[in-house]
Amino acid sequence: MEVKFASNSTSIYSSFKKNVKKAEEQVINSSRDLNFRSLSKLIIPPLGSSGSNQIQNGSKGRIISPMDSRYRCWETLMVLLVAYSAWVCPFEIAFMNSSPNKELYIADNIVDIFFAVDIVLTFFVAYIDPRTQLLVLDSRKIATRYLSTWFWRLRRVKNFFTRIEKDIRFSYFWVRCARLLFVTLFLAHSAGCLYYFLAIKYPHQGKTWIGSAIPNFRETSLWIRYISALYWSITTLTTVGYGDLHAVNTLEMVFIIFYMLFNLGLTAYIIGNMTNLVVEGTSRTMEFRSSIEAASSFGSRNRLPPRLRDQILAYMCLRFKAESLNQQQLIEQLPKTLCKSIRQHLFLPTVEKVYLFKGVSSEILLLLVADVKAEYIPPREDVIMHNEAPDDVYIIVSGEVEMIDCDKDKEIVVRTFKSEDIFGEVGALCSRPQISTYRTKTLSQLLRLKTSSLIEAMKTRQEDNVTVIKNFLQHHQKMKDLSLGDLFLDGGEEDGDPNMSINLLTVASTGNAAFLNELLKAGLDPDIGDSKGRTPLHIAASKGHEECVVVLLKHACNIHLKDMNGNTALWDAMATKHHSIFLILYHWASISDSYIAGDLLCMAARRNDLTVAKELLKHGLHVDSKDRHGLTAIQVAIAENHVDMVRLLMMNGAEANDAVKNKISPVNLNEMLQKREVGHRISMPNALDEDVLRKHENEQDCSGESFRGSCVPRVSIYKGHPVARRESHCTDPGRLIRLPNSLVELKNIAGNKFGFDARDALVVDGGGAEIDSIEVIRDNDKLFIVENPYYVM
């Protein structure tokens, strides 16, 4: 019994869960439709205003929004009652004056009751100012406006037709035709009733237009009399001249004169509207409807999901409403100085309240405000998508934006941003793809700022740059629950050292050298390491971020630190084949450590890493360099019994001393020496970038014997005296060569390169001074080979 009850409970619970899920889906779908359909009810707030200009519940007491759905239904009912009243009232005055109808009397009283309620209600309904397109909530202004216009009930019908003309559920052509037909029939009906009224009130019975055609018209049926009056009215309206029904007395003639004059204007109105409707239409509304229909067709044809279709339609509707205000276009048409002044007035109060710019000088704020652009985004629109490039930063003026994380195809709202919040700054400042999706929750006014403009403004003043960085660190130190990836370290103190709250490793891995530089200026430790002992220099070198490497070297990072695997940043740069970074690091390391070449080669030999060993030899590291323990690479390779490494080192000129000879058989030794003689030695490629060290030579000099002992110098040689080359504007390219051991060898190389006998040539520097010793030549020097030794200045 218990088992059966448990199973029944389980089935009931599962069924209930399915029903709840289905109901939730229906609510979501209906809310999407509601968002789109109710978009026309939204009132766009003014630029720079954080208020939505919508009447919130309980915010204005008794004031009713004209966009409220319940009031819209009441308005539709009143349109029907106005149409009834406008049609029946002339009929009753003219035809029912002598014998009122009981049913019409009851209906009139009911309609009057509704009108009385509407009169009271209208005193509490806000209205949209036609000049500013904003809601007017002042009770006095509402009452004054209503008292001056409330008699004109037919304006409700006009507003009704105007509203449904923009409704894509109805055909624009037929709505316009219905409107013109209604106007025509109403005027014809009113004129006919009035013309009949003149006949029954004329004192001389029989001498009227209807009395001439129907002598006993008072005894005829109501239907015949009304049709006769309507027939006369339409005939007069649509034709020229009269037939059987014409004016008899003077009063009728006067009435027809004015009626015909009125018909001239009415006919012109109808013909003009029909022509405009058929030929051109209301171009903007027609264009809007065409765009909507094209978007709907596009979504259906390409089978887009419902959410994307709704977003497309909502965006186009909002753009239509925003374009009618013509705000952004107007601002862009104005002079630059005036445009800046307008933006400062509208947007500066919002920008200066953003957390990122607290304490920043007004100069930077004005630069930022000058570059922002205001945008209206409809509800449920994706402003920034996950993994999108960090091109823009957004500031919320009004509305709400949700930060959404996607977890296994499930969207989780992490945070809701409101007015004066900023989003997208993490990706911009950290130069990394956006970590989340940002989607509008309501109609939102956003200020869009280019990331490049933000970075340039930050560079204007160093003090403000540091302030922005500190604001960023302090804010996100408190927001670690936002799942910002690996931007922050675990275990950081809330108000302690900022090194514990920002992970330099992540910034170094993104390659954002400018942000890295500012963080280091703020006092962060450049040698902070992760759990594996890898420092920012390790990360930047292994990922190939050369600018980050230079920034870390400027801030005196320790270039010799090793991770848990014993690798230095130099080793990582070579292992990942980032040659330019290796040259920079090797240049800096060789100044403070004369054993760096031997350490690298011995490490490669110890690990039997032939690839790294070949790359090291290509970069000119001396094969017999000793490490800090006095060992060479070949000695380490022999001790580790790495035969392939020994062969590589021997073929590249490693010294075969007695210790080596004792470990290698004479046959193998002779074979290796023969291969080495026939050209198996690895040479440094000429294509190596000669500007790598020169680019950073102002950071630290590589001078004297310390450099020459660990890095093979290179020089550029040119043909001709430097003064003669400048005078003749000579642009012949030079040659980049490795510096030989003597001037004789240098002259021989120059002769081979330039095609002349250079044994008697002079070698001079850029100033024309003669060089007589190879020892005075430094790395990256420019040398000029003068063919004629008797050249006289």
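Just so you know, these numbers use all the heavy atoms, side chains as well, and skip hydrogens, waters and symmetry mates.
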Subject >> Pairing residues for Glu411 by the side-chain hydrogen bond (donor to acceptor under 3.5 Å, both in side chains) criterion, not counting sequence neighbours >> reply: Arg439
**OP:** Could I get the full list of side-chain hydrogen bond (donor to acceptor under 3.5 Å, both in side chains) partners for Glu402, not counting sequence neighbours?
**Re:** none
Subject >> Matching residue for Asn263 among Thr236, Leu187, Thr238, Ile256 - test: side-chain contact (heavy atoms from CB on, under 4.5 Å) >> reply: Thr236
When rounded to the nearest 0.5 angstrom, what is the spacing between [atom1] in [X] and [atom2] in [Y]?
X: Ser341; Y: Leu348; atom1: OG; atom2: CG; result: 11.5 Å
X: Glu388; Y: Asp382; atom1: CD; atom2: CG; result: 9.5 Å
X: Ile227; Y: Leu222; atom1: CD1; atom2: CG; result: 10.0 Å
X: Leu449; Y: Ile422; atom1: CG; atom2: CD1; result: 7.5 Å
X: Met260; Y: Leu237; atom1: CE; atom2: CG; result: 9.0 Å
X: Tyr202; Y: Asn249; atom1: OH; atom2: CG; result: 4.0 Å

Original post:
Does one side chain, of Ser233 or Tyr259, offer a donor that lies under 3.5 Å from an acceptor on the other?
Top reply: yes
**OP:** Count the heavy atoms of every other residue, nucleotide or ligand shown that sit under 6.0 Å from CZ of Arg303, and state whether that count exceeds 12.
**Re:** no
Subject >> Heavy atoms from other residues, nucleotides or ligands near CZ of Phe114 exceed 12 (cutoff 6.0 Å) >> reply: no
Subject >> Residue pair Ile396, Leu446: steps toward the side-chain contact (heavy atoms from CB on, under 4.5 Å) verdict >> reply: CA-CA 5 Å; Ile396 304 177; Leu446 305 180; 3.8 Å; yes
Which pair of non-hydrogen atoms, one from [X] and one from [Y], has the smallest distance, and what is that distance?
X: Tyr84; Y: Ala107; result: OH-CB, 3.3 Å
X: Trp232; Y: Phe255; result: CH2-CE2, 3.6 Å
X: Gln344; Y: Pro349; result: O-CD, 3.8 Å

Original post:
With sequence neighbours left out, what residues match Val79 under side chain to side chain contact (heavy atoms under 4.5 Å, CB included)?
Top reply: Arg156, Val157, Phe160
With side chains defined as the heavy atoms from C-beta onward, is the minimum distance between [X] and [Y] less than 4.5 Å?
X: Phe197; Y: Cys193; value: no
X: Trp74; Y: Val117; value: yes
X: Leu245; Y: Thr235; value: no
X: Tyr394; Y: Val401; value: no
X: Asp118; Y: Leu81; value: no
X: Thr208; Y: Glu252; value: yes
X: Ile142; Y: Val125; value: no
X: Phe217; Y: Ile224; value: no

**OP:** Apply the test side-chain contact (heavy atoms from CB on, under 4.5 Å) to residues Ile395 and Phe347: give CA-CA distance (whole Å), side-chain angles for both, the deciding distance (0.1 Å), then the verdict.
**Re:** CA-CA 10 Å; Ile395 299 173; Phe347 307 137; over 6 Å; no
Subject >> Derivation of the ring pair (Phe, Tyr, Trp, His ring centres under 6.0 Å) call for His189 and Phe182 >> reply: CA-CA 10 Å; His189 165 77; Phe182 176 82; over 10 Å; no
Subject >> Verdict with reasoning, Asp392 to Lys450, per side-chain contact (heavy atoms from CB on, under 4.5 Å) >> reply: CA-CA 5 Å; Asp392 301 298; Lys450 288 288 185 183; 3.2 Å; yes
Subject >> Under 3.5 Å: donor-acceptor pair, side chain of Thr442, backbone of Glu400 >> reply: yes
Subject >> Backbone of Glu381 reached by a side-chain donor or acceptor of Thr440 within 3.5 Å >> reply: yes
